[in-house]
Amino acid sequence: MKFFIDSADIGEIRELSDTGLVDGVTTNPTLVARTGRDFFEVLDEICAVVSGPVSAEVAATDVDNMVTEGRALAARAKNVAVKVPLTWDGLKACRALTQAGIAVNVTLCFSPAQALLAAKAGARFISPFVGRLDDIGHSGMTLIAEIREILDNYPDTLKSEILAASIRNPLHVIEAAKLGAEIATIPPNVMRQLASHALTDKGLGDFLADWNKTGQTIADR
Ligand code: E4P
């Protein structure tokens, strides 16, 4: 499974990229607004740090302006994936940008029917928002499973990757991985939670305490 970082904070992205475990980044207008910075400046910096796909979302809602904005975003760096919302105009823009050789991430996907349309429109990535579905009492993971089943039925024609989005906790990442989502886009705090376990901390503390009693060292042998 590929890990993308769901953030527009260059400090966080740099720090997590240093782990070598980051395969891409997703941003959205809310995340960009949170930085208080110029969008293109932020995008350039992220694309310089991460070599994998970096999703940048259009702000227009009509197809012509989405395509114009998408081209402008894609011109910033070769690893930009243009994010368009799952509307009819977004699907048309997806098709046009894809035909122009630009990778498209169709975002705000909440149903298998929407995902099927995005795949048919040639989306490189489809972003089902699992957390937001869970928030309203639906099952985000059921959606991932349904999209997986649909795409697997048509491997020769529907080639989109499932990008599990709106991830709220480590369980979301694990469940999405078990269901075969190619990618999870993970907020920095959840990325850190993935590695932590109370028994790891306790076990390490015990091992080190016992090791120190031996009075030995390893590095200078
Ligand atoms: C995906 O690309 C979005 O940026 C993101 O996952 C939205 O998640 P949220 O529901 O936490 O805002």
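Both ligands and their constituent atoms are indexed starting at 1 by order of listing. Counting from 1, the numbers follow the sequence of the chain as shown.
Looking at Asp210 and Lys213, a side-chain N of the basic residue comes within less than 4.0 Å of a carboxylate O on the acidic one, giving a salt bridge. A salt bridge does not link Arg14 with Asp18: none of the charged nitrogens is closer than 4.0 Å to a carboxylate oxygen. Note on Arg148 versus Glu182: salt bridge recorded, some NZ/NE/NH1/NH2 to OD/OE distance being below 4.0 Å.
In this structure, the side chain of Thr68 engages the main chain of Asp64 through a donor-acceptor pair within 3.5 Å. A donor-acceptor pair is defined here as one N or O able to donate and one able to accept, closer than 3.5 Å; such a pair exists between the side chain of Ser160 and the backbone of Ala123.
Note that OG of Ser55 and CG of Asn105 are 4.0 Å apart. Values are rounded to the nearest 0.5 Å.
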Using a 3.5 Å cut-off on N/O to N/O, what pairs does ligand 1 make with the protein? A line per pair would be great.
{"unit_1": "ligand 1", "atom_1": "2 (O)", "unit_2": "Lys83", "atom_2": "NZ", "d": "2.6"}
{"unit_1": "ligand 1", "atom_1": "4 (O)", "unit_2": "Asp6", "atom_2": "OD1", "d": "2.8"}
{"unit_1": "ligand 1", "atom_1": "4 (O)", "unit_2": "Asn28", "atom_2": "ND2", "d": "2.7"}
{"unit_1": "ligand 1", "atom_1": "4 (O)", "unit_2": "Lys83", "atom_2": "NZ", "d": "3.4"}
{"unit_1": "ligand 1", "atom_1": "6 (O)", "unit_2": "Asp6", "atom_2": "OD2", "d": "2.7"}
{"unit_1": "ligand 1", "atom_1": "6 (O)", "unit_2": "Ser166", "atom_2": "N", "d": "2.7"}
{"unit_1": "ligand 1", "atom_1": "10 (O)", "unit_2": "Arg132", "atom_2": "NE", "d": "2.7"}
{"unit_1": "ligand 1", "atom_1": "10 (O)", "unit_2": "Ser166", "atom_2": "OG", "d": "2.7"}
{"unit_1": "ligand 1", "atom_1": "10 (O)", "unit_2": "Arg168", "atom_2": "NH2", "d": "2.9"}
{"unit_1": "ligand 1", "atom_1": "12 (O)", "unit_2": "Arg132", "atom_2": "NH2", "d": "2.8"}

